[in-house]
Amino acid sequence: MNDLSLHILDITQNSIRAGASEIYITVNEDSATDKLTIEIRDNGKGIDKELVEKVTDPFFSTRSTRKIGMGLPLLKQNAEQCEGSLNIVSEKGTGTMVTAIFKKSHIDCPPMGNMAATIKSLLCSGHSYHLVYKHEIDGREFVFDSREISEILEGLNVNTPKIINFIKEMIDENLKNIGAS
Amino acid sequence: MTKLKSLNDLRKIRDELKSKTSIREKGEHPENLVQVKVAMATCCIASGSREVMNFIVDELEKRNIDAVVTQTGCMGYCYAEPTIEVTIPGKEPVVFGYVNMKKADEIIERYIKNGELVDGIIPVNYETIDNK
């Protein structure tokens with residue numbers, strides 16, 4: 001993965017596949033503590049304790065189409081390379097929370113990447129779920145809530161090109177406004 | 001400072017779109033539209049499927065083609081990522097491999113617009129070594 005926004009897109013696909021109806025993505029960039037934290041929380045079907053230990057093994061996957069699963073292992077490797085960590089908390093039937101912490105100033109810390117494109121892709125997933133994306137940079141924050149969008153749209157499909165492109169631009173501008181790179 | 005795009009602007013777009021009722025009617029019958037599914041698992045994302053998907057959404061709008069673009073999981077063709085599946089109404093779905101933006105452009109222009117087959121199709125009867 002070239003950047004963090006691609007990791008976020010990738011890990012959130014796990015939530016979608018777990019049948020989540022609520023997905024919360026939180027990114028926190030804090031210069032004071034020199035930490036960049038990514039948290040992806042869902043109310044999907046969850047996994048049990050033994051599986052939590054297995055999912056960061058690249059030679060494990062619940063899929064039948066292939067025998068390897070690289071999403072979480074790659075994120076773990078990246079975080080640990082940057083003096084950070086990956087933590088997974090999950091409970092069967094309740095949901096899963098994945099937290100990745102990076103040392104912001106570490107030379108190997110990947111760039112944030114294009115979060116607006118990631119959210120755009122997530123909204124085009126063809127599954128309906130409530131997505132909340134919160135991005136905080138040194139105390140300034142931007143919150144995107146898909147429920148607000150669907151209330152406004154009054155039944156129009158978020159997939160409509162005009163709408164989805166507008167949302168992407170809106171996220172882009174707001175992120176720049178809070179100082180995103 | 002220029003004003004940031006906000007939800008109020010979205011309301012305007014909604015009203016504009018709602019005056020063209022055709023969008024809603026079409027949206028209720030997706031089987032009549034061209035459907036493009038972009039694979040979006042780890043292998044695909046690492047190969048650039050997000051950019052390809054965004055490109056396809058943008059280009060279909062620019063070229064005035066009514067289509068629904070969604071995602072699918074890994075189809076097992078990790079070696080050929082990014083992959084997309086295109087379904088033209090009344091036809092069998094076709095899976096294309098190694099779809100970069102240039103290929104996506106060709107698929108839109110030649111396959112979606114004119115129905116011509118282009119290089120890069122992954123045959124449906126393809127089997128991996130493991131299945132043999």
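Below, read A as the first sequence line, B as the second, and so on, with proteins coming before strands; counting in each chain starts at 1.
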* Over 12 non-hydrogen atoms of neighbours within 6.0 angstrom of CD in A:E53 -> no
* Asked: Is it the backbone or the side chain of B:S47 that comes under 4.5 Å from a heavy atom of chain A, or both, or neither?
  -> neither
* Near A:K45 NZ, under 6.0 Å, is it more than 12 heavy atoms from other residues, nucleotides or ligands? -> no
* **Within-4.5 Å side-chain heavy-atom neighbours: B:L7 and A:E148** => yes
* Joint hydrophobic cluster, B:L117 plus B:F96, side-chain heavy atoms closer than 4.5 Å -> yes
* **Structural part of A:D172 lying under 4.5 Å from a heavy atom of chain B** => neither
* Taking atom NZ of A:K35 as the centre, does the number of heavy atoms from other residues, nucleotides or ligands within less than 6.0 Å exceed 12? -> no
* To do: Using non-hydrogen atoms and a 4.5 Å limit, figure out which bit of B:D9 sits close to chain A: side chain, backbone, both or neither.
  => both
* Give the cluster check for A:V89 versus A:Y24: same hydrophobic cluster or not, with ILVMFWY residues linked at side-chain heavy-atom distances below 4.5 Å. => no
* Point-to-point distance, once rounded to the nearest 0.5 Å, from CD of A:Q13 to OG1 of B:T72 -> 9.5 Å
* So does B:E116 have more than 12 non-hydrogen atoms from other groups sitting under 6.0 Å from CD? -> yes
* Among B:T70, B:V57, B:V69, B:I45, which has the most heavy-atom pairs under 4.5 Å with chain A? -> B:I45
* Asked: For B:K113, does the NZ atom have more than 12 heavy-atom neighbours from other residues, nucleotides or ligands under 6.0 Å away?
  -> yes
* Residue part contacting chain B, namely of A:L122, when any heavy atom lies under 4.5 Å -> backbone
* Connected via hydrophobic side-chain network under 4.5 Å: A:V132 and A:I119 -> no
* To do: Output the distance between atom CZ (B:R50) and atom SG (A:C124), rounded to the nearest 0.5 Å.
  => 12.5 Å
* Kindly compute the distance separating CG (A:L9) from SG (B:C44), expressed to the nearest 0.5 Å. => 10.0 Å
* Asked: Could B:D58 and A:K168 be called an ion pair, given the rule that one side-chain N must be under 4.0 Å from one carboxylate O?
  -> no
* With a 4.5 angstrom heavy-atom cut-off, which part of A:E173 approaches chain B: side chain, backbone, both or neither? -> both
* To do: Determine, using the 4.5 Å side-chain heavy-atom cutoff (strictly less than), whether A:F166 and A:I164 are members of one ILVMFWY cluster.
  => yes
* Structure fact -> Only residue of B:I13, B:V68, B:L17 satisfying side-chain contact (heavy atoms from CB on, under 4.5 Å) with A:T160 is B:L17
* Exceeds 12 heavy-atom contacts within 6.0 angstrom, atom CG of B:D119 -> no
* **Approximate separation, where rounding is to 0.5 Å, of B:T42 OG1 and A:L72 CG** => 8.0 Å
* Structure fact -> Max heavy-atom pairs within cutoff under 4.5 Å with chain B, candidates A:I152, A:N165, A:D10, goes to A:I152
* To do: Would you please name every residue forming a salt bridge (charged side-chain N to carboxylate O under 4.0 Å, His left out) with A:K92, sequence neighbours left out?
  => none
* Are A:I163 and B:R14 side-chain neighbours, meaning at least one heavy-atom pair lies under 4.5 Å? -> no
* Between atom CE of A:M70 and atom SG of B:C78, what is the distance when rounded to the nearest 0.5 Å? -> 10.0 Å
* To the nearest 0.5 Å, tell me how far A:T12 OG1 sits from B:M40 CE. => 12.0 Å
* So which part of A:N159 gets closer than 4.5 Å to some heavy atom of chain B, the side chain, the backbone, both or neither? -> side chain
* Cluster check A:I101, A:I8: I/L/V/M/F/W/Y, side chain < 4.5 angstrom -> no
* Go through the atoms of A:L123 and report whether side chain, backbone, both or neither lie under 4.5 Å from a heavy atom of chain B. => neither
* Asked: With a 4.5 angstrom heavy-atom cut-off, which part of A:I171 approaches chain B: side chain, backbone, both or neither?
  -> neither
